[in-house]
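First up is the structure itself, then whatever we jot down about it.
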Amino acid sequence: LPYTVASGLFQPQTSSRVRQNEFHPNAGFDAKYGLKSNFTVDLTVNPDFGQVEADPEVLNLTTFETFYPEKRPFFIEGTQILRFTTFGNDFGPGLFYSRRVGTALNVQTPPGSILTHEPRAATILGAAKITGKTTNGLSVGVLEALTQKETYTFRDSLGTSTTSTAQPLTNYSLVRMKQDVWGNSNVGLIVTSVARKEGLPAYTGGADWNLKFNNNTYAVSGFLAGSHTYDPITLGEKEGSAGKLRIGKDGGEPWLWVISGDFTSRRYDINDIGFFRRPNDRGIIGDLEYIDYIPGDIIRLYYIGYNHHLRWNFDGAPIIREGHARVLFQFLNYYLLKFDFGFDSPAYDDRESRGYGLYRTPQKYFSRIGFETDRRGMIVASLDENYVYDFAGQRTSNTQVAMTIRPTTAMELQVKLGYTRTRNMEGYVN
């Protein structure tokens with residue numbers, strides 16, 4: 001599938017950037033080739049993702065990076081084989097975050113200087129991947145990608161022009177394998193590397209498992225991962241590790257339960273090719289649920305659940321102490337009514353102060369009530385009302401209404417409207 005494209009960039013002059021009138025012709029291609037019947041080779045050369053849906057603008061005032069989902073076709077196909085999730089749901093984040101390949105670039109220039117050339121993103125020169133599954137249940141995924149060296153140019157107050165590197169020539173590599181065992185269970189391995197021509201390399205690796213017993217009633221899952229990187233300032237080696245073990249009763253009625261423990265060491269760093277928000281913590285999570293599927297005169301089923309989450313950093317400071325309860329009723333007409341209540345006990349935030357010690361978080365409570373019509377219908381409507389307050393005076397209220405319309409089985413229209421108001425937002429002040 002070859003392509004050609006022409007684009008123009010026109011920006012007025014500002015106090016930090018010269019006027020830009022740029023024209024960019026471009027060409028490349030995508031290719032797909034079948035190796036026998038169960039393996040596929042995907043190849044892209046100088047890809048153009050201009051037609052891909054843009055990310056929404058996010059004003060991030062937290063200490064954590066914003067996670068954006070992948071939308072580029074080349075990286076979406078075969079992700080179920082390449083995926084190695086650590087914390088979160090089945091879609092990430094994890095040891096491989098494809099948005100690192102061809103990432104957006106933000107350059108910093110000295111005060112008083114003027115940008116004369118700025119790259120928007122790292123250009124992908126080419127990428128290839130092989131994905132498939134053998135008849136013995138072994139899933140294999142291999143990916144290689146190369147991005148070109150990107151430079152930016154600025155002019156100082158004396159008129160001297162300087163060119164610096166925004167990102168060096170970089171090669172991304174990944175090998176992922178997962179073996180089916182015992183029918184519905186599997187174990188897997190992953191190895192990744194990032195090699196830079198004028199920079200420091202980074203390596204990660206890990207093993208994961210998902211073992212099911214007694215007709216999928218019980219499950220033992222988890223992962224163990226490690227990273228080997230270099231400090232960009234001291235150039236010293238950094239080695240870190242992370243892991244998680246989850247044991248639960250996921251099937252059978254009416255009681256379900258889960259208990260899990262996890263940790264991430266201080267020097268755990270996978271963000272050269274993966275995505276992870278913060279190291280230096282360890283925690284325990286417990287879930288207990290009760291589901292009654294026996295219909296009554298009014299209620300078809302009801303659900304009661306409670307989740308408790310405790311977390312500390314490796315200095316011993318508690319950073320999360322929260323509980324969350326939920327009650328759900330499904331009526332005979334399949335309408336849903338949901339109630340949620342939760343609390344955050346006082347703890348410490350070791351990130352909000354931006355390195356100036358621990359910030360004491362106040363006691364917090366939240367409540368929610370939600371209503372939803374029959375999800376099987378042509379028109380599905382929902383209403384949610386949330387309220388949060390804490391002992392420091394913060395109050396947050398949120399109302400959201402939504403409607404889904406399905407005129408045909410192949411078409412769906414969603415409309416959502418929400419309003420949120422926060423008063424007396426608490427935060428750290430030095």
Is a side-chain N or O of [X] found less than 3.5 angstrom from the main chain of [Y], in a donor-acceptor match?
X      : Y      : result
Asp180 : Gly183 : no
Thr79  : Arg83  : no
Arg282 : Thr264 : no
Ser265 : Ser241 : yes
Arg395 : Arg421 : no
Arg423 : Ser397 : no
Lys244 : Gly261 : no
Glu150 : Thr123 : yes
Thr109 : Ser113 : no
Arg354 : Glu352 : yes

Determine, for [X] against [Y], whether the closest basic-nitrogen to carboxylate-oxygen distance falls under 4.0 angstrom.
X      : Y      : answer
Arg311 : Asp262 : yes
Arg246 : Asp250 : yes
Arg17  : Glu118 : yes
Asp315 : Arg266 : yes
Asp384 : Lys416 : no
Asp340 : Arg326 : yes
Asp208 : Arg176 : yes
Arg267 : Asp231 : no

Neighbour count >12 (heavy atoms, 6.0 Å) for atom [atom1], [X]:
X      : atom1 : value
Gln108 : CD    : no
Leu1   : CG    : no
Asn21  : CG    : yes

Measuring from [X]:[atom1] to [Y]:[atom2], what's the distance to the nearest 0.5 Å?
X      : Y      : atom1 : atom2 : answer
Trp312 : Arg321 : CH2   : CZ    : 9.5 Å
Tyr3   : Asp30  : OH    : CG    : 8.0 Å
Leu95  : Ile273 : CG    : CD1   : 8.5 Å
Lys197 : Asn171 : NZ    : CG    : 12.5 Å
Asp349 : Tyr359 : CG    : OH    : 8.5 Å
Gln394 : Asn424 : CD    : CG    : 8.0 Å

With side chain to side chain donor-acceptor pair (under 3.5 Å) as the test, would you mind laying out the steps for Asp269 and Ser227 before giving the verdict? CA-CA 6 Å; Asp269 184 4; Ser227 65; over 6 Å; no

Q. Are Val388 and Tyr365 close enough, and set up right, to give a side-chain contact (heavy atoms from CB on, under 4.5 Å), and what steps lead you there?
A. CA-CA 6 Å; Val388 182; Tyr365 293 95; over 6 Å; no

Minimum heavy-atom separation for [X] to [Y], with atom names?
X      : Y      : result
Asp55  : Pro69  : OD1-O, 4.5 Å
Pro56  : Tyr68  : O-CE2, 3.9 Å
Ile247 : Trp257 : O-CZ3, 3.6 Å
Asn184 : Lys212 : O-CD, 3.9 Å
Ser139 : Ile81  : CB-CG2, 4.4 Å
Asn136 : Gln179 : O-NE2, 2.8 Å

Does the ring center of His324 lie less than 6.0 Å from the ring center of Phe341?
-> no

**Asked** For the rings on Phe343 and Phe366, is their centre-to-centre separation under 6.0 Å?
**Response** no

Below 30° counts as parallel, above 60° as perpendicular, anything between as tilted: where do the rings of [X] and [Y] land?
X      : Y      : answer
Phe275 : Phe67  : perpendicular
Phe223 : Phe87  : perpendicular
Tyr389 : Tyr387 : tilted

For a side-chain contact (heavy atoms from CB on, under 4.5 Å) with Thr147, tell me which candidate from Thr103, Leu125, Val101 qualifies.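 Output: one option passes, namely Val101.
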
Indicate yes or no: at least one non-hydrogen side-chain atom of [X] is less than 4.5 angstrom from one of [Y].
X      : Y      : answer
Phe371 : Leu336 : no
Leu169 : Glu198 : no
Asp350 : Tyr348 : no
Val194 : Tyr203 : no
Arg406 : Leu413 : no
Phe39  : Thr134 : yes
Ile285 : Ile259 : no
Tyr303 : Glu289 : yes

**Q.** Evaluation steps, side chain to side chain donor-acceptor pair (under 3.5 Å), between Asp287 and Asn307
**A.** CA-CA 5 Å; Asp287 282 287; Asn307 170 275; 2.9 Å; yes

| For Thr192 and Thr204, does a side-chain donor sit closer than 3.5 Å to a side-chain acceptor? |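 The criterion, which ignores hydrogens and geometry beyond distance, is satisfied for Thr204 and Thr192.
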
When you measure from the centre of the six-membered ring of Phe74, is the NZ or CZ of Lys32 under 6.0 Å away and within 45° of the axis?
no

Report task. Using the six-membered ring of Phe339, assess whether NZ or CZ of Arg368 lies under 6.0 Å from its centre and within 45 degrees of the ring axis. Result ->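 Cation-pi check for Arg368 and Phe339: fails.
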
Which residue, Asn398, Thr396, Thr399, forms the side chain to side chain donor-acceptor pair (under 3.5 Å) with Thr420?
->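 That would be Asn398.
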
* To do: Decide side-chain contact (heavy atoms from CB on, under 4.5 Å) for Arg155 and Val18; before the verdict, give the C-alpha distance in whole Å, the side-chain angles of both, and the deciding distance to 0.1 Å.
  => CA-CA 10 Å; Arg155 187 172 61 241; Val18 299; 3.8 Å; yes

query = Is there a side-chain contact (heavy atoms from CB on, under 4.5 Å) between Tyr268 and Thr229 once you walk through the steps?
reply = CA-CA 9 Å; Tyr268 181 65; Thr229 57; over 6 Å; no

### Task
Go through the steps to decide whether Thr153 and Ser161 satisfy the test side-chain contact (heavy atoms from CB on, under 4.5 Å), and finish with yes or no.
CA-CA 7 Å; Thr153 305; Ser161 183; 3.2 Å; yes

